[in-house]
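Please read the structure below before turning to the comments.
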Amino acid sequence: MTPQHQDSTRKKSVLQLDNYQPQPIEKKWLTVWQENNIYQTNTETNDKPKYYALSMFPYPSGKLHMGHVRNYTLTDVIARFKRMQGFHVLHPMGWDSFGLPAENAAIQNNIQPAAWTDSNIAHMKKQLAQLGLSVDWDREVTTCKPDYYQWTQWIFIALYKKGLAYKKEAPVNWCKNCETVLANEQVIDGKCWRDDSLVVKKNLSQWFFKITEYAQELLDGLDHLHGWPDRVLLMQKNWINRSIGAELSFPVDGHNARIEVFTTRPDTVFGVTYMVLAPEHPLVKQLVPAENQVEVEQYVQSASLKTEMDRLAADKQKSGVPLGVFAVNPFTHQKIPIWIADYVLVDYGTGAVMAVPAHDERDFVFAKTYDLPVQTVIAPDTENNPDSFRVENQAYTDAGILCHSGQFTGMTSTDAKQAIIAFAVAEGFGHKKIQYRLKDWLISRQRYWGTPIPVVYCEKCGTVPVSESGLPVVLPTDVDFSLKGQSPVSSSKTFLNTACPTCKSPAVRETDTMDTFVDSAWYYLRYIDAQNTQAAFTPEQVARWMPVDQYVGGIEHAILHLLYSRFIMYALSDSLSTEKTKLPKEPFKNLLTQGMVLKDGHKMSKSKGNIVDPTAIFNEFGADTARFFILSDSPPKADFDWKESAVEGCYKFLCKVWRCIGDQLAVLDDPLQSQLATAAFTPEISYSSLTGNTRLLYQTTHQTIAGITTDIAAEYQFNTVISKLRQFITHLSKFNGAAEAEKDPQCQVVLAYAVSSAIKLIAPVTPFIAEALWEKAGGKTSVHLAQWPVADPEALQQDTVNIVVQINGKVRDQFSVESGAEKAALASKAQSCQKIQPYLAGMVVVRTIVVPEKLVNFVVKPE
RNA sequence: GCCGAUGUGGCGGAAUUGGUAGACGCGUCGGUCUCAAAAACCGAUAGUGAAAGCUGUGCCGGUUCGAUUCCGGCCAUCGGCACCA
């Protein structure tokens, strides 16, 4: 017999045990829940506080993976918990269904992207249902359907009208493999975020969203997002990257032109020994003298051919060519050469810098390479004679004392920055400036499967947005998907020609589509009003449900999706809020970024062949086991390791739950049996008269309720929730109801409450088995609509506590004492402990520290 | 290079206004039941030691009666940004 063979027989026998049968249970309740619409979020207003629980919606790639299972289970448990706690819960689901994979599949298999997407959605929807999500499917949204993207287009037009959408020619990121442009956020290490292929710069006319308009607001908003992980806040902060400095203007010698530069170090302006323009800077062509033209053009040409990777690989080395023209430093009136170098980026600041080799590492390297002068103007604070300080082998980049700086000599860097800016303002060649690294969001894509940009080009009127009555601009189907370098939409015979919305004369449509991140930047608003055919949403409903109370998804969207969504919400809030209806600016109040699902310590991947198929797990062990397991071992933020043997352990635990609840139900008398499975079962129990094991069961029940409620509310510590559930079930299964009933008359009712609570407590995590047990216990309505139990504060205290006795902080003995004992009593009892006597011999107690309910510590020293 | 997070048994992890380190689970070992196996149940499981005890939360130091927790310095791993002027 091979080892594999042994393994499979073993597994089979595990599954045959007992009478917990997940498959029929899960099948049955899926149907019942659906027929009774128990997860439908009605729209009528009620007194309950609202709670919006949202998962990052999936791309319909074909089938569910374990990352989905983890994401959606987390959100679902939160939604179910909040529902039982009495919140009016919105828990929707949908499909982020535009995007390149559908288009690639279309080319490969000669099938319409829409058909490919639809069949994927159908399959994945079935899988999601199996997982037992308490989702209101009436609110499902699919971004590739006209009834959704019509409103994406509407938002585009709204932004356009506010001047937040514009078209311009600019050097943009071009992915050779995807044959389309990419947003700045989609270029990772000089490579395409989707397929890792190299990205090059191209000068193209493209549509942008003016996210930079909101740079400061988006930055400030981060301070109020207390429910977001710090690292996401930090990543967004770094991405926006604000720097404070000055914009200074340098006249060009012999030309009627000025070079504007941005600097964070105006205090070093007396050390400027040359200037640098980015190769793409417009002044380059304008200023270059005839004798330098060939050399300069060659350099510009070679810089443009470099990929982002090449630029990065060059690392510390710098190259450039002199333009052959000079600028004048307005502070020193010195003539300084103007150079062109690709270490200066055209799309940051003004695309030009004043070079201070003495106090900037990059300028220093460049100056050394081309033998340009280095003028020291800042000396360290510690220098006794600042004027004699000289930068030699490396730039001095810290702040310090100014030297060789005219009237500013002797000032500190901080003071000099102010003074120099003030001087520049007075003389009219500069001002204070705040600069952001964040760039405008490039949203056009030269691809087919996306939302058409709703714009037409009219010979008379120019660029005109499609009127609202002209929406949706429907994506044509008569296209050649294999068209390269421009949008396949342009191959459509029916799409291109139209009439201008303004003057009705012939016009042509924009053929680019939108970045799919535009679709996903507002979908959480559409859920709120998913069936609205008159508008994207009604502001009143948005004001009622937004912001999302809990958003759950992967860390990979820390910048992309989460920054774009914030921008769109800020923009919509600004344009749609009225006196009466105020829309929030921040879309997501709390954010939970879950870790990855690994398999035996490795990333799951097709190439490794270690992918665990959720459906196989559902079929073998049931969705409850999958849900229970994926919450059990690691906290949500950490990576989770999927281990086969551990899954089995979870399955066995559910068998134990089934048996335990069944056994205890059998012990209960009839009237109690029929009462315990009602929504708000809270029997009259006289706690003070409880004794023995019955008293202990009551305490344990309430401690478990309190512990689990706290763990979920605080940080979604589901791993400790699971641990507490296990301990409680173990306790409950050891409780001998028949024997205890003879000792304590209240045993039956305490047991009934424990059983009722146990079913409720497992309900969010394992909804199927909970529902089945609830029915078994006589429940007539769903346990998922029952009330979450509330802990009795009196029962949370232990009757007796363990007191540790320490000598100089080391544990030497311990004793048990009734809870609530006085400090003095604890100290004297501790003093008499046998085991500590040897440590007290020949010693004198200099201090006694008593922590009530915890410990007594004697500080001793030799007599 | 800059910024940040993390570091606890064989493994995942638990414990924080500083108070018994290792909850709960996985794995392993032993036992009960059985003709036998599976399941179930019970017990053991940081290292070292016969035991008392000693050592132990990445490393070094500090504060404290007492430090996984606070402070300083270092190391390692992971993540983000990266010629941002």
Side-chain angles (χ1 to χ4, degrees), chain A residues 9-10 12-18 188-190 229-239 241-243 245 261-265 268 276 311-312 314-318 341-345 347-356 359-363 365-366 435-439 555 558-559 598 600-601 629 632-635 637-641 643-650 652-653 655-656 659 717 719-727 730 733-734 802-814 835 838 845-849 851 853-861:
Chain A
T9 48
R10 185 159 162 253
K12 204 170 175 188
S13 53
V14 171
L15 297 176
Q16 282 166 351
L17 68 96
D18 213 271
I188 319 271
D189 288 337
D230 287 344
R231 62 170 176 156
V232 175
L233 295 176
L234 194 72
M235 280 161 78
Q236 291 217 353
K237 189 177 169 211
N238 289 342
W239 189 261
N241 193 24
R242 174 177 126 124
S243 38
V261 299
F262 171 71
T263 178
T264 55
R265 295 295 302 273
T268 64
V276 190
R311 275 195 161 196
L312 294 174
D315 206 25
K316 291 272 150 66
Q317 288 172 23
K318 311 239 176 307
D342 65 4
Y343 81 90
V344 173
L345 309 172
D347 49 6
Y348 181 76
T350 59
V353 301
M354 57 177 223
V356 187
H359 305 293
D360 180 281
E361 278 170 27
R362 295 151 301 181
D363 297 343
V365 171
F366 191 79
Q435 183 70 44
Y436 305 89
R437 193 187 59 178
L438 180 71
K439 287 163 197 162
I555 185 77
I559 294 171
L598 310 174
D600 301 320
F629 177 50
S632 66
D633 259 1
S634 305
K637 281 180 221 167
D639 286 348
F640 179 86
D641 201 3
K643 279 190 287 192
E644 205 63 37
S645 58
V647 184
E648 230 175 80
C650 292
K652 286 182 200 169
F653 173 73
C655 293
K656 184 173 175 173
R659 236 179 305 121
Q717 296 287 351
N719 50 333
T720 56
V721 167
I722 297 284
S723 154
K724 289 182 172 91
L725 282 176
R726 283 181 181 273
Q727 289 174 71
T730 302
S733 66
K734 284 180 183 163
N802 203 34
I803 302 293
V804 164
V805 185
Q806 298 181 335
I807 303 290
N808 291 342
K810 277 192 183 290
V811 180
R812 296 302 178 187
D813 203 355
Q814 49 188 296
K835 281 193 188 166
V845 175
V846 292
R847 225 173 125 189
T848 305
I849 292 144
V851 182
E853 312 291 87
K854 288 225 164 92
L855 60 81
V856 178
N857 184 20
F858 295 111
V859 184
V860 302
K861 63 175 189 187

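Order of the sequence lines sets the chain letters (A, B, ...), proteins ahead of strands, with each chain counted from 1. The structure presented is a predicted model; accordingly, all values stated were derived computationally and were not measured.
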Subject >> Residues forming a side chain to side chain donor-acceptor pair (under 3.5 Å) with A/Thr264, sequence neighbours excluded >> reply: none
Subject >> Sugar-phosphate, base or nothing in reach of A/Asn802, heavy atoms under 4.0 Å >> reply: base
Original post:
Paired with B/U45 by Watson-Crick or G-U wobble geometry, both distances under 3.5 Å: which nucleotide is it?
Top reply: B/G27
Subject >> Comparing A/Gly809 and A/Ser632 on RNA chain B - which has the more 5′ nearest nucleotide >> reply: A/Ser632
Original post:
Hey, would you say the A/Phe629 and A/Phe653 ring centroids sit under 6.0 Å apart?
Top reply: no
Subject >> Pairing partner (Watson-Crick or G-U wobble, both distances under 3.5 angstrom) of B/U63 >> reply: none
Original post:
Among B/G12, B/C3, B/U20, which nucleotide sits nearest the side chain of A/Asp633?
Top reply: B/G12
Original post:
Touch check for A/Lys724, heavy atoms < 4.0 angstrom, all strands: base, sugar-phosphate only, or nothing?
Top reply: nothing
Original post:
Using a cut-off of 4.0 Å on non-hydrogen atoms, how would the nucleic acid contact of A/Asp641 be classed: base, sugar-phosphate, or nothing?
Top reply: nothing
**OP:** Could you walk me through whether A/Asp347 and A/Lys439 pass salt bridge (charged side-chain N to carboxylate O under 4.0 Å, His left out), step by step?
**Re:** CA-CA 8 Å; A/Asp347 49 6; A/Lys439 287 163 197 162; 3.5 Å; yes
Original post:
For A/Arg812, which contact category applies under a 4.0 Å heavy-atom criterion: base, sugar-phosphate, or nothing?
Top reply: sugar-phosphate
Original post:
What does A/Lys835 touch in the nucleic acid at a heavy-atom separation under 4.0 angstrom: a base, only the sugar-phosphate, or nothing?
Top reply: nothing
Subject >> Shortest side-chain distance from A/Phe262, nucleotide among B/A85, B/G13, B/C65 >> reply: B/A85
Original post:
Touch check for A/Arg437, heavy atoms < 4.0 angstrom, all strands: base, sugar-phosphate only, or nothing?
Top reply: base
Original post:
Does CZ belonging to A/Arg231 count more than 12 external heavy atoms closer than 6.0 Å?
Top reply: no
**OP:** Quick one: label A/Thr720 by what it contacts on the DNA or RNA (base, sugar-phosphate, nothing), any heavy atom closer than 4.0 Å.
**Re:** sugar-phosphate
Original post:
When we call it a touch if two heavy atoms are under 4.0 Å apart, what does A/Gln806 touch: a base, just sugar-phosphate, or nothing?
Top reply: base
**OP:** Taking syn as within 90° of 0 and anti otherwise, name the glycosidic form of B/G9.
**Re:** syn
Subject >> Nucleotide nearest A/Ser645 (side chain, heavy atoms from C-beta), chosen from B/G27, B/C81, B/C65 >> reply: B/G27
Original post:
Out of B/C83, B/C65, B/G12, which nucleotide sits closest to the side chain of A/Asp342?
Top reply: B/C83
**OP:** Under a 3.5 Å limit for both distances, which nucleotide forms a Watson-Crick or G-U wobble pair with B/G1, could you say?
**Re:** B/C81
Subject >> Per A/Ala638 side chain, nearest of listed nucleotides B/G19, B/A85, B/G13 >> reply: B/G13
**OP:** For B/G9 and B/A5, measure between their C1' atoms and round to the nearest Å.
**Re:** 24 Å
Subject >> A/Ser243, nearest nucleotide to its side chain (from B/A21, B/C11, B/A85) >> reply: B/A85
**OP:** For A/Thr264 and for A/Phe858, locate the closest nucleotide of RNA chain B by heavy-atom distance; then report the residue assigned to the nucleotide nearer the 5' terminus.
**Re:** A/Phe858
Original post:
Which nucleotide sits closest to the side chain of A/Lys652: B/A85, B/U20, B/A39?
Top reply: B/A39
**OP:** Report which part of the nucleic acid A/Leu234 touches: base, sugar-phosphate, or nothing (heavy-atom distance under 4.0 Å, all strands).
**Re:** sugar-phosphate
**OP:** Measure from the side-chain heavy atoms of A/Tyr343 and tell me the nearest of B/C83, B/C81, B/C26.
**Re:** B/C83
Subject >> Options B/C26, B/G13, B/A85, nucleotide nearest the side-chain atoms of A/Ser634 >> reply: B/G13
Subject >> Integer angstrom distance from the P of B/G31 to that of B/U16 >> reply: 39 Å
Original post:
Is it true that a side-chain atom of A/Arg437 and a backbone atom of A/Asn238 form a donor plus acceptor pair closer than 3.5 Å?
Top reply: yes
Original post:
What does B/C74 pair with, Watson-Crick or G-U, if both distances are under 3.5 Å?
Top reply: B/G58
Original post:
Out of B/G79, B/A14, B/C26, which has the shortest distance to the side chain of A/Arg231?
Top reply: B/G79
